[in-house]
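Once you've had a glance at the structure underneath, I'll fire off some questions.
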Number of protein chains: 2
Amino acid sequence: MAYRETEKMRLRKAETRQRILDCALQLVMEGGFRNAQVSQVARRAEIATGTIYRHFTAKEELFAEVFRTATRREVTKVGESLAEAGSVIERLEQALRQFAARALNRPMMAWALIAEPVDPKVEAERLTYRKAYAELFEQAIREGMNEGCLPPQDAVCSSTCLVGALAESLVGPLSPVQGSTDETSHTSNTETLVNGIVRFCLQGLTGTGR
Amino acid sequence: MAYRETEKMRLRKAETRQRILDCALQLVMEGGFRNAQVSQVARRAEIATGTIYRHFTAKEELFAEVFRTATRREVTKVGESLAEAGSVIERLEQALRQFAARALNRPMMAWALIAEPVDPKVEAERLTYRKAYAELFEQAIREGMNEGCLPPQDAVCSSTCLVGALAESLVGPLSPVQGSTDETSHTSNTETLVNGIVRFCLQGLTGTGR
DNA sequence: ACAAGGAATGAATAATGATTCACTTTTATG
DNA sequence: CATAAAAGTGAATCATTATTCATTCCTTGT
């Protein structure tokens with residue numbers, strides 16, 4: 001015998017793998033999944049195309065993981081908002097705002113995660129991700145019902161509606177309409193938009209106007 | 001001179017064109033846009049592949065039109081619900097139910113229109129289509145505000161939220177999960193689901209529980 | 001019947017990108 | 001250093017489909 005995988009090597013491999021993931025994520029942030037080809041990822045990571053296949057069995061595998069990672073971050077943030085102090089309603093409002101704010105800050109990323117057409121395997125991740133959001137909201141809603149600050153309702157359904165309303169409202173503003181990296185057009189109404197979403201959603205939950 | 005396009009020919013051409021559209025739609029209804037290749041459309045329409053290009057400049061053109069047609073039908077239905085007699089609220093409820101019912105009746109079609117990943121040109125049609133729905137709802141909401149049965153609100157935002165909540169709630173049930181043409185699993189909760197959506201949406205609009 | 005356009009055909013081509021694989025380089029061990 | 005085992009390489013291959021175009025087939029008007 002002559003070669004055994006050593007700790008150092010294991011580490012180096014892990015680093016390369018991570019670099020691939022990072023570069024893939026970068027590309028998605030810059031131009032969505034559509035513009036993130038395997039060869040581009042390789043170039044960005046300064047490795048050969050073939051090397052990527054030593055770390056991932058297929059492109060979809062790689063990008064599913066990219067999606068998962070990006071997503072986890074976002075879900076965590078919303079989860080944190082929901083875990084803070086305050087009434088359930090306040091926390092839900094905070095979470096909705098958090099979601100919207102983060103999306104509007106990284107429009108391309110948000111669009112890629114929320115609405116860009118993607119391969120089946122990645123789309124599957126998207127469903128999971130939306131469900132993860134919904135489940136966070138769902139739990140908060142249940143809490144609210146227990147505390148009595150939310151009326152009895154189907155928590156699953158309500159949380160799904162929340163996610164949908166949020167996503168749909170953001171798709172318009174986020175959509176990378178051909179050749180306009182125009183900052184000015186949206187900036188001003190962002191606040192109004194978010195307020196409108198929050199109002200609708202909270203009313204949908206509470207059945208109570210302001 | 002010897003050949004001039006005659007009425008008969010014009011008609012025949014129109015028929016072929018229509019047949020292409022019909023067959024393309026059929027294919028989408030059966031397997032979504034993904035399974036609707038140009039060659040398949042040709043085969044189904046019993047013409048040569050090349051013939052399709054005498055009627056449409058490109059695949060995306062064809063399918064954009066398919067999308068538009070399918071969509072128009074749906075939007076019209078919802079529009080009709082909103083135009084019937086009754087209070088604004090009743091009509092909005094009717095429209096929401098109409099939308100959901102039609103979607104659940106033709107799951108593949110609905111999924112293709114609402115959530116399937118599609119080419120950019122078709123995606124553009126999707127945005128238009130969602131906007132068309134939103135505009136119908138928007139108008140009803142304005143009416144409601146004028147009549148005083150809806151509190152003041154941003155009609156655009158509210159209508160967008162409606163569409164989003166509806167779409168998101170349906171995506172789960174509609175998603176063609178690999179290899180399950182299972183009827184039983186959803187059938188029973190359909191009614192519950194729709195009721196939940198309607199409740200959330202109407203509350204979101206009115207700020208009033210039942 | 002015939003000539004002059006169009007219309008239709010479908011095999012060949014193009015385009016895009018993922019994936020492979022024969023070969024080179026690197027790493028670990030006796 | 002020699003050798004075994006991986007890891008890395010990237011040009012070539014494969015796969016999938018849209019699109020083209022040289023050719024054939026049909027209409028139409030004389």
Side-chain angles (χ1 to χ4, degrees), chain A residues 1-21 23-24 27-28 31-67 116-123, chain B residues 1-21 23-24 27-28 31-67 116-123:
Chain A
M1 99 207 71
Y3 178 93
R4 298 239 50 195
E5 185 176 81
T6 184
E7 191 50 36
K8 180 179 149 203
M9 253 293 118
R10 220 184 323 273
L11 200 71
R12 184 205 292 261
K13 264 167 66 176
E15 270 167 17
T16 301
R17 192 190 142 90
Q18 192 52 51
R19 188 145 40 88
I20 293 170
L21 285 167
C23 293
L27 284 168
V28 171
F33 287 93
R34 195 182 160 67
N35 295 50
Q37 298 96 332
V38 175
S39 60
Q40 290 302 307
V41 175
R43 172 186 317 230
R44 178 82 55 114
E46 299 182 82
I47 56 177
T49 309
T51 304
I52 287 181
Y53 289 84
R54 306 213 144 257
H55 296 274
F56 302 90
T57 59
K59 186 198 180 188
E60 288 195 321
E61 218 69 43
L62 162 58
F63 282 98
E65 186 159 342
V66 167
F67 196 102
E116 183 181 6
V118 293
D119 310 56
K121 281 261 176 59
V122 179
E123 182 67 24
Chain B
M1 98 210 72
Y3 178 91
R4 300 235 53 195
E5 185 176 79
T6 183
E7 191 49 35
K8 181 180 149 200
M9 254 292 118
R10 219 186 322 274
L11 201 71
R12 182 204 295 262
K13 266 167 63 174
E15 269 167 18
T16 302
R17 192 189 141 91
Q18 192 52 51
R19 189 145 40 87
I20 293 170
L21 285 166
C23 294
L27 284 168
V28 170
F33 287 92
R34 192 179 162 67
N35 296 49
Q37 299 96 333
V38 176
S39 60
Q40 289 303 305
V41 176
R43 174 188 315 231
R44 177 82 55 116
E46 299 181 83
I47 56 177
T49 310
T51 304
I52 287 180
Y53 288 85
R54 310 211 134 255
H55 296 276
F56 301 90
T57 59
K59 186 200 180 186
E60 288 195 322
E61 217 70 41
L62 162 58
F63 282 98
E65 186 158 341
V66 167
F67 195 103
E116 184 182 5
V118 292
D119 311 64
K121 281 261 176 58
V122 180
E123 182 67 24

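Given the structure is predicted, the values throughout are model-derived calculations rather than measurements. Chain letters run A, B, ... following the sequence lines, proteins first and then strands; every chain starts at 1. Just so you know, these numbers use all the heavy atoms, side chains as well, and skip hydrogens, waters and symmetry mates.
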(request) Using whole Å, report how far CD of B:Gln40 lies from P of D:dT16. (result) 13 Å
(message) Without decimals, in angstroms, what is the distance between A:Gln37 CD and D:dG10 C1'?
(response) 17 Å
(request) For A:Lys59 and C:dT16, give me the distance from atom NZ to atom C1', rounded to whole Å. (result) 11 Å
(request) Report the distance from atom CG of B:Leu27 to atom P of D:dA18, rounded to the nearest whole Å. (result) 12 Å
(message) Return whichever of B:Glu46 or A:Ala58 has its heavy-atom-nearest nucleotide of DNA chain C closer to the 5' end.
(response) B:Glu46
(message) Whole angstroms only, please: what is the CZ-P distance between B:Arg43 and C:dG10?
(response) 12 Å
(request) Rounded off to whole Å, could you give me the CD-to-P distance for the A:Glu60 and D:dT16 pair? (result) 14 Å
(message) Considering every strand and a 4.0 Å limit on heavy-atom distances, what is the contact class for B:Thr6: base, sugar-phosphate, or nothing?
(response) sugar-phosphate
(message) So A:Arg34, base contact, sugar-phosphate only, or nothing? Heavy-atom distance under 4.0 Å.
(response) nothing
(request) Of all the heavy-atom pairs spanning B:Ala24 and B:Leu62, show the shortest one and how long it is. (result) CB-CD1, 4.3 Å
(message) Nearest heavy atom decides the nucleotide; on that basis, is B:Lys8 or B:Val38 closer to the 5' end of DNA chain D?
(response) B:Val38
(message) Salt bridge or not between A:Glu15 and A:Arg12? Use side-chain N to carboxylate O under 4.0 Å.
(response) no
(message) Tell me whether the side-chain N or O atoms of A:Arg54 pair up with the base of D:dG8 as donor and acceptor below 3.5 Å, since no angle test is needed here.
(response) yes
(message) Counting only side-chain heavy atoms from C-beta out, which of D:dT9, D:dT20, C:dA7 sits nearest to B:Lys13?
(response) C:dA7
(message) Return whichever of B:Thr49 or B:Met9 has its heavy-atom-nearest nucleotide of DNA chain D closer to the 5' end.
(response) B:Thr49
(request) Mind listing the closest non-hydrogen atom pair of B:Ile20 and B:His55 along with its distance? (result) CD1-CD2, 3.8 Å
(message) Any non-hydrogen side-chain atom of A:Lys121 less than 4.5 Å from a side-chain atom of A:Phe63?
(response) no
